[in-house]
Amino acid sequence: MNPFDSLLQPILDHYSELSAGDFQIAPAPNVEMGDVALRAFVAAKKLKMPPPKLIADIQEAVSFGPEVLSLEAAGPYLNFRLDRNVFGNAFVADILSTRERFGSNGSGKGQSLLIEHTSINPNASPHVGRARNAMIGDSLVRLFRFESYEVRVHYYVNDMGRQIGLLVLMCDDLESMVFDDVLDAYVEANERAESDPKFAEQGYELLAKMESGDPETQRKFFEVTEHCLKGQLAVLARLGIEYDEFDRESKYLKDPRLDALVGALEEREAVFVDEDKRLVVDLSKIGHTRDEGRYFVLMRANGSSMYGYRDLAYTVDKMGKGADVNLWVLGEDHKLYAEQQALILAAAGEPAPESIYYAYILLKDGKMSTRQGKVILLSEFLDEAGRLAAERVAEQCTDLDTEEQNAIAEKVAVAAIRFAILRIGPNKNVIFDWDASLSFNGDTGPYVQYSIARINSILRKYGKPLPETSDKFLIDVDSEWSLLTKLASFPETVATAARQRNCAPVAQFALDVAHAFTSFYHECPVLAAGSDAQIESRILICAATRQTLTNALAILGIEALERM
RNA sequence: GCGCCCGUAGCUCAACUGGAUAGAGCAACGGCCUUCUAAGCCGUAGGUUGUGGGUUCAAGUCCCGCCGGGCGCACCA
């Protein structure tokens, strides 16, 4: 996996008690020190030797192949000077032969993975806060498919509850209702429910009617939620986000599998009916150690189920599909809730999915709220980004017609938004800044796309069919070498991202590559290089960079562009 | 009050999971388009990694205590 692992072999041959995992080998902090640096802290500990002593021993006793030009010990580090042509050539050949698979470690080969994400309540147009869930989830889907998992994407449709009941009351003539107006209706419904207890009561009554199986009410609920779901999916599709299956909450109203689960809880005396006739789980009986969050209500006094009950049924259903890995993406506000669910499931011998949390996107004056209409709609945000991108494309690509320009602009807008969200670690709060999120300069998705567009421009002008290897590959500038070693580290980055269930390292990697490439671009003329061998070598470097960046962006759900 | 997450340059974020001189972008200042796309590049300036202890050959990273922010803590979904 590590592109320099081969350098370890002579060392391992010499010290039979050590293995590759006892060493770290990676590009040196800067080129003056060397091409790659060996760290042997773990190995030294195993041999009960001070690290500098072991490094000196290795330098003294181990003989390396001809690809190692020189060695220099620097305290606990051993710095290698390498034959860059040999390594660079190997990197490029690897990238250009594995193509769109370059970077994949195939760690999910033969395994299935089920992921649930987004699952926005079907009551209004999604806001950018919710979109964080969708983008994080969707990129994980892409990451794990890249790693050869068989991935199924589920979306839980919360088509029940008082909120939906209220909305149904507001939506008599659904036909004439544009999707974006549903938010206004929803906000109005919630305001009315606040001030008018009768109206609020009507919401509950409608819900009860729906739960009791009244076909007309069920039809209304379905129509309203379906209308909202369709509208939401259309917005999400603009970001390239799609799902395989939609699971409606109303399907899990009564699930016979939950009788067994409640039975298991009864056996452990972890469930009781309280003085108000509600069915409650006492989590302290099954491993919960604090007072906070100790009780979990399953059923109301009237026998209707709570959200958490239906969600348990849904989870049992999902887990029953037998995927090797089960994930769900949740806002951090669901942390305790997910832990409670996992405890209940564990008590009944049922497995629980692995949760991936993300923190909220906040407005400058606090949290977004769909109920209060205090939101930035994803659709508006996309429109604005598209408009700004279109202005830019119109300046840049004057020879293209408007339709072509707009197609590019939409992809640039998506890149800006997805990248801005995905490059930040998921458990970091984000304060939404309209200007910063719509910037196309600096460390952004469009900057990465721009690097690719420049490469494409060079390769177009090159004119000839692209070579895949060169027998006279040569590297004579540091920026070429830095770029290539960065490219070669892509599989490790992907492995890290998959292990952490976090795509942010891939975004950071794409930026690092783009920066390394632009330094190379300014320093090394490609088409006007000094010799045919150098032209060919640099063309290969460009092609390898394009392939790597394209693959990294694909994981983030961002398209590479021919030009922009 | 209790639990979880976060705190790194004026601002937004990195830092190969404990390793060499803590790196990018934005904002500021100074350069670079008759040469492969200036959505760019080069340079200057900007840091006691919130704070006080501890562990270690080595701490932004691990442990404990404070301070500040976010989220949550039974009949919402």
Side-chain angles (χ1 to χ4, degrees), chain A residues 24 26-30 33 37 39 41 50-52 74-77 79 119 121 123 158 160-164 249 274 276 278-283 289-301 304 306-308 310-311 331-337 339-340 357 359-360 362 366-367 371 389 392-393 395-397 412 420 423-425 427-431 433 435-437 439-444 446-447 449-451 453-462 489 492-493 496 499-500 504-505 507-508 511-512 515 518-519 521-529 538 542 563-564:
Chain A
Q24 278 182 295
N30 64 58
M33 294 174 176
R39 295 168 183 175
F41 295 97
Y77 306 95
N79 295 323
S119 303
N121 288 348
N123 53 26
N158 303 121
M160 297 187 57
R162 190 190 71 136
Q163 302 301 319
I164 304 296
E249 185 182 349
D274 73 359
D276 295 326
R278 299 172 306 214
L279 188 65
V280 181
V281 182
D282 181 356
L283 295 162
T289 52
R290 282 173 293 125
D291 247 14
E292 301 76 29
R294 173 177 168 181
Y295 298 108
F296 191 91
V297 179
L298 291 179
M299 295 277 195
R300 295 191 180 89
S304 68
M306 297 282 292
Y307 174 82
R310 303 186 293 265
D311 210 15
E332 65 177 353
D333 55 337
H334 281 63
K335 226 166 195 173
L336 175 60
Y337 172 77
E339 284 163 14
Q340 291 172 327
Y357 300 105
Y360 274 116
L362 305 170
K367 197 173 159 179
R371 272 179 218 186
R392 204 59 183 278
V393 176
E395 291 167 20
Q396 205 82 19
C397 306
V412 171
R423 70 180 286 249
I424 299 173
N427 42 21
K428 208 146 192 162
N429 267 129
V430 177
I431 310 274
D433 181 335
D435 295 330
S437 314
S439 168
F440 303 144
N441 300 331
D443 284 352
T444 64
Y447 170 69
Q449 286 178 313
Y450 183 66
S451 307
R454 283 172 143 183
I455 295 172
N456 283 326
S457 177
I458 293 173
L459 297 182
R460 270 196 309 271
K461 287 181 178 157
Y462 179 63
S489 72
E492 278 189 304
T493 302
T496 302
R499 197 174 53 243
Q500 296 181 352
Q508 190 60 44
L511 278 181
D512 292 344
H515 279 127
T518 41
S519 295
Y521 178 88
H522 282 274
E523 200 176 341
C524 306
V526 177
L527 302 174
R538 289 181 176 172
C542 285
R563 46 174 299 183
M564 62 188 278

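Just so we're on the same page: letters track the sequence lines, and every chain starts at 1.
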When rounded to the nearest Å, what value does the distance between [atom1] atoms of [N] and [M] take?
{"N": "B:G25", "M": "B:U44", "atom1": "P", "answer": "13 Å"}
{"N": "B:A15", "M": "B:A59", "atom1": "C1'", "answer": "13 Å"}
{"N": "B:G52", "M": "B:C67", "atom1": "P", "answer": "15 Å"}
{"N": "B:U61", "M": "B:C16", "atom1": "C1'", "answer": "13 Å"}
{"N": "B:U34", "M": "B:A9", "atom1": "P", "answer": "40 Å"}
{"N": "B:G47", "M": "B:G30", "atom1": "C1'", "answer": "23 Å"}
{"N": "B:A28", "M": "B:G10", "atom1": "C1'", "answer": "10 Å"}
{"N": "B:A45", "M": "B:G7", "atom1": "P", "answer": "28 Å"}

Syn/anti state of B:C26 by chi, 90° boundary around 0: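 Anti for B:C26; the angle lies over 90° from 0.
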Any side-chain donor near an acceptor of the partner, A:Asp274 and A:Tyr295, under 3.5 Å: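 The answer is no; no qualifying pair exists.
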Name the nucleic acid region contacted by [X], choosing base, sugar-phosphate or nothing; use a 4.0 angstrom heavy-atom cut-off, strictly under.
{"X": "A:Tyr337", "answer": "base"}
{"X": "A:Asp276", "answer": "base"}
{"X": "A:Arg538", "answer": "nothing"}
{"X": "A:Gly331", "answer": "nothing"}
{"X": "A:Val281", "answer": "nothing"}

If you compare all heavy atoms of [X] against all heavy atoms of [Y], which two are closest, and at what distance to 0.1 Å?
{"X": "A:Leu459", "Y": "A:Cys542", "answer": "CD2-CB, 4.2 Å"}
{"X": "A:Met306", "Y": "A:Met299", "answer": "CG-N, 4.0 Å"}
{"X": "A:Phe440", "Y": "A:Pro446", "answer": "CD2-CG, 3.6 Å"}

Which pairs, protein N/O on one side and nucleotides 2-10 of chain B N/O on the other, fall under 3.5 Å?
from: B:C2; atom 1: O2'; to: A:Glu292; atom 2: OE1; distance (Å): 3.2
from: B:G3; atom 1: O4'; to: A:Arg290; atom 2: NH1; distance (Å): 3.4
from: B:C4; atom 1: O2'; to: A:Lys335; atom 2: NZ; distance (Å): 2.7
from: B:C5; atom 1: O2'; to: A:Asn427; atom 2: O; distance (Å): 3.0
from: B:G7; atom 1: OP1; to: A:Lys428; atom 2: NZ; distance (Å): 3.3

Check the distance between [N]'s [atom2] and [X]'s [atom1] and give it to me in whole angstrom.
{"X": "A:Glu395", "N": "B:G40", "atom1": "CD", "atom2": "P", "result": "13 Å"}
{"X": "A:Glu492", "N": "B:C16", "atom1": "CD", "atom2": "P", "result": "12 Å"}
{"X": "A:Ile431", "N": "B:C13", "atom1": "CD1", "atom2": "C1'", "result": "14 Å"}
{"X": "A:Leu362", "N": "B:G69", "atom1": "CG", "atom2": "C1'", "result": "10 Å"}
{"X": "A:Asp311", "N": "B:A77", "atom1": "CG", "atom2": "P", "result": "12 Å"}
{"X": "A:Arg294", "N": "B:A74", "atom1": "CZ", "atom2": "P", "result": "13 Å"}
{"X": "A:Phe296", "N": "B:C76", "atom1": "CZ", "atom2": "P", "result": "13 Å"}
{"X": "A:Leu283", "N": "B:C73", "atom1": "CG", "atom2": "C1'", "result": "12 Å"}

Would a distance-only check, ignoring hydrogens and angles, find a side-chain to backbone donor-acceptor pair under 3.5 Å from [X] to [Y]?
{"X": "A:Gln340", "Y": "A:Leu283", "answer": "no"}
{"X": "A:Arg538", "Y": "A:Pro525", "answer": "yes"}
{"X": "A:Asn429", "Y": "A:Tyr360", "answer": "yes"}
{"X": "A:Thr444", "Y": "A:Tyr447", "answer": "yes"}

For [N], give its Watson-Crick or G-U wobble partner with both distances under 3.5 Å, or none.
{"N": "B:G72", "value": "B:C2"}
{"N": "B:G40", "value": "B:C32"}
{"N": "B:G23", "value": "B:C13"}
{"N": "B:U61", "value": "none"}
{"N": "B:G7", "value": "B:C67"}

Pairing residues for A:Arg290 by the side chain to side chain donor-acceptor pair (under 3.5 Å) criterion, not counting sequence neighbours: none
Residue-phosphate contact under 4.0 Å: A:Thr518 side-chain N/O, B:C41 OP1/OP2: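 So the side chain of A:Thr518 is within the cut-off, an N or O lying under 4.0 Å from OP1 or OP2 of B:C41.
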Spacing of A:Tyr450 atom OH and A:Asn441 atom CG [to the nearest 0.5 Å]: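 These two atoms lie 10.0 Å from each other.
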Parallel, tilted or perpendicular, as decided by the 30° and 60° cut-offs, for the rings of A:Tyr77 and A:Phe41: perpendicular
Check: A:His334 ring centre within less than 6.0 Å of A:Tyr357 ring centre: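 No; A:Tyr357 has its ring centre 6.0 Å or more from that of A:His334.
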Nearest-nucleotide comparison on RNA chain B, the residue closer to the 5′ end among A:Val280 and A:Tyr447: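 Per heavy-atom nearest nucleotide, the more 5' residue is A:Tyr447.
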Side chain to side chain contact (heavy atoms under 4.5 Å, CB included) partner of A:Asp433, the single match among A:Ile431, A:Asp435, A:Val430: A:Asp435
Report all interatomic pairs (protein N or O, nucleotide N or O of nucleotides 29-33 of chain B) with separations under 3.5 Å.
none

Any N/O pairs under 3.5 Å between the protein and nucleotides 19-26 of chain B? List them or say none.
from: B:G19; atom 1: O2'; to: A:Tyr77; atom 2: OH; distance (Å): 2.1
from: B:A20; atom 1: O4'; to: A:Tyr77; atom 2: OH; distance (Å): 3.4
from: B:A20; atom 1: N6; to: A:Asn79; atom 2: OD1; distance (Å): 3.0
from: B:A20; atom 1: N1; to: A:Asn79; atom 2: OD1; distance (Å): 3.3
from: B:A20; atom 1: N1; to: A:Asn79; atom 2: ND2; distance (Å): 3.3
from: B:A24; atom 1: O2'; to: A:Asp443; atom 2: OD1; distance (Å): 3.3
from: B:A24; atom 1: O2'; to: A:Asp443; atom 2: OD2; distance (Å): 3.0
from: B:G25; atom 1: O4'; to: A:Asp443; atom 2: OD1; distance (Å): 3.4
from: B:G25; atom 1: O4'; to: A:Asp443; atom 2: OD2; distance (Å): 3.1
from: B:G25; atom 1: O2'; to: A:Asp443; atom 2: N; distance (Å): 3.2

Under 3.5 Å between N/O atoms: give me all the protein pairs with nucleotides 36-38 of chain B, atom names plus distance.
from: B:C36; atom 1: O3'; to: A:Lys461; atom 2: NZ; distance (Å): 2.9
from: B:C36; atom 1: O2; to: A:Leu527; atom 2: N; distance (Å): 3.2
from: B:C36; atom 1: N3; to: A:Val526; atom 2: N; distance (Å): 3.0
from: B:C36; atom 1: N4; to: A:Tyr521; atom 2: O; distance (Å): 2.5
from: B:C36; atom 1: N4; to: A:Cys524; atom 2: O; distance (Å): 2.8
from: B:U37; atom 1: OP1; to: A:Ser457; atom 2: OG; distance (Å): 2.3
from: B:U37; atom 1: OP2; to: A:Ser457; atom 2: OG; distance (Å): 2.9
from: B:U37; atom 1: OP2; to: A:Lys461; atom 2: NZ; distance (Å): 2.8
from: B:U37; atom 1: O2'; to: A:Tyr450; atom 2: OH; distance (Å): 2.3
from: B:U37; atom 1: O2'; to: A:Arg454; atom 2: NE; distance (Å): 2.9
from: B:U37; atom 1: O2; to: A:Gln396; atom 2: NE2; distance (Å): 3.0
from: B:U37; atom 1: N3; to: A:Met564; atom 2: O; distance (Å): 2.9
from: B:U37; atom 1: O4; to: A:Met564; atom 2: N; distance (Å): 3.0
from: B:A38; atom 1: OP2; to: A:Arg454; atom 2: NH2; distance (Å): 2.6

Residue list, ring-ring contact (aromatic ring centres under 6.0 Å, His included) with A:Tyr521, at least two apart or on another chain: A:Phe517
